[in-house]
Structure formats: C-alpha cells, structure tokens
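In what follows, a structure is listed as structure tokens, so that the remarks can point back to it.
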Amino acid sequence: MIVRTTDEITGTDRDVADPKGNWVSKRIVLGGDRVGFSFHETTINAGSVNEFHYANHIEAVWLVEGTGTLLDRETGETYPLAPGTMYLLNGHERHTVTAQTQMRMLCVFNPPVVGTEVHDEDGVYPLVTVPEQPSGKHAETADV
C-alpha cells in the first residue's frame, strides 16, 4: 500500500514547475512505484496558453476546478473545459490548453512517467525507463 499527501510532495522533486511559470505538477504516483501508470495533480495558471503533445504516453485528464478550453491541434476542434470534464489523449493528439481561470486537474499517464521528464520544444515528454526500485517515502518493496 502507498499513501501520500500533496503536502508531503510540495517542495520535493515530485513537485515540478513549468520553467515558463504556467503550471505546477505534483507527481503523486510515478513509474518507480511499479503500478503501471503515473498519477499527477496539475494546476494551470489563469491566462496561460499551454501547448502539449504526449507522443509517448496516453493521458487522461479530469478537471476538478477552473475553466478553460482544449484545442485539438490535429482537427482544429475546440472543447470547453469546466469542473467535471474529462479528456483522453488516446491518439497522442497535439493539443493546447488555455486557462481562463486557474485550473486544477487530475492526470493519469500510461506508460507511467518517472518524474524526471521535461517537456521538449514540442511539448513532448521523452519515454524514460522506469527505475528498478520503487520510489517514495511510503512505497513498499514487492517480491517479484
């Protein structure tokens, strides 16, 4: 069993800020936890425009606070974002998230990120090998 709080993560290497200052991602579950996905709480600042493209990952996003828009850059279609909205990037779509107000989202990545990834100039996370041992204060070591 793994139990973590966002308070424990804040200020650690699991608390990752965008170099441009547009968002913060608290990486609650990472690849090193050996569960097959990663789970993040991401806060996007009001007024920011963010281009992403997860060429190596599937991402599911659940918006819990705030409003904005999601632009599918593959089709040109724009979707409103509000609490209770989910979007799934199951086709590795290039997308733009524009935050009208501060948005807080819960995100799941498969394959899991390991926590050291940084978006490249195209908004892509590289595919990084999962460490051999579980990570985090409350991770258990399982017999495999």
Side-chain angles (χ1 to χ4, degrees), residues 1-73 78-144:
M1 179 181 295
I2 299 171
V3 176
R4 292 192 180 101
T5 68
T6 52
D7 285 344
E8 290 173 0
I9 292 167
T10 301
T12 71
D13 61 353
R14 288 176 177 259
D15 189 11
V16 178
D18 170 35
K20 297 177 187 176
N22 288 347
W23 52 263
V24 173
S25 177
K26 295 186 186 291
R27 292 156 180 198
I28 301 161
V29 176
L30 290 171
D33 293 319
R34 314 303 270 181
V35 296
F37 63 90
S38 58
F39 180 71
H40 313 197
E41 176 191 63
T42 300
T43 303
I44 298 180
N45 292 330
S48 67
V49 177
N50 306 273
E51 292 191 355
F52 301 111
H53 176 216
Y54 297 112
N56 302 307
H57 300 84
I58 302 295
E59 182 191 27
V61 177
W62 180 261
L63 184 64
V64 294
E65 291 177 8
T67 59
T69 59
L70 170 69
L71 168 65
D72 179 340
R73 294 196 321 262
T78 300
Y79 302 89
L81 297 176
T85 304
M86 187 283 301
Y87 62 89
L88 177 65
L89 301 163
N90 59 326
H92 305 286
E93 295 86 356
R94 297 173 200 277
H95 59 289
T96 301
V97 176
T98 302
Q100 294 163 339
T101 64
Q102 179 177 288
M103 299 191 316
R104 189 168 63 91
M105 309 163 135
L106 303 177
C107 311
V108 175
F109 284 86
N110 186 17
V113 302
V114 301
T116 59
E117 295 86 351
V118 176
H119 291 279
D120 69 13
E121 62 278 356
D122 296 318
V124 176
Y125 278 154
L127 190 57
V128 178
T129 304
V130 175
E132 290 298 317
Q133 295 298 315
S135 63
K137 179 178 171 184
H138 301 288
E140 289 184 352
T141 303
D143 294 326
V144 179

Residue of the set H92, H95, E93 for which side chain to side chain contact (heavy atoms under 4.5 Å, CB included) holds with E59: H95
Nearest heavy-atom neighbours spanning P112 and G36: CD-O, 3.7 Å
Check: L71 and T98 side chains under 4.5 Å, non-hydrogen atoms: no
Approximate separation, where rounding is to 0.5 Å, of C107 SG and F37 CZ: 13.0 Å
Rounded distance (nearest 0.5 Å) linking atom CG of D72 with atom CG of L89: 8.5 Å
Pairwise side-chain contact, I2 with V29, heavy-atom cut-off 4.5 Å (strictly under): no
Among Q102, M105, M103, E65, side chain to side chain contact (heavy atoms under 4.5 Å, CB included) partner for T43: Q102
Backbone N/O of H40 and side chain of R27: donor-acceptor pair under 3.5 Å: no
Shortest non-hydrogen contact from L88 toward A60: CD1-CB, 3.7 Å
Beyond-backbone contact of S25 with E41, side-chain heavy atoms, under 4.5 angstrom: no
Minimum side-chain heavy-atom gap Y54-F109 below 4.5 Å: yes
Reported CG-to-OG1 distance for the pair L81 and T67, which is rounded to 0.5 angstrom: 8.5 Å
Expected output: side-chain N50 to main-chain V97 donor-acceptor under 3.5 Å: yes
Nearest-0.5 Å distance that lies between atom CG in L106 and atom CE in M86: 13.0 Å
Side-chain touch R94/E51, heavy atoms, less than 4.5 angstrom: no
Side-chain heavy atoms of V114 within contact of L30, under 4.5 Å: no
Interatomic spacing from CD1 in I9 to CG in D15 - rounded to 0.5 Å: 8.0 Å
Close side-chain approach of D33 to R4, heavy-atom, < 4.5 Å: yes
Heavy-atom check, side chain of T10 versus side chain of K26, under 4.5 Å: yes
Approximate separation, where rounding is to 0.5 Å, of F52 CZ and L70 CG: 10.5 Å
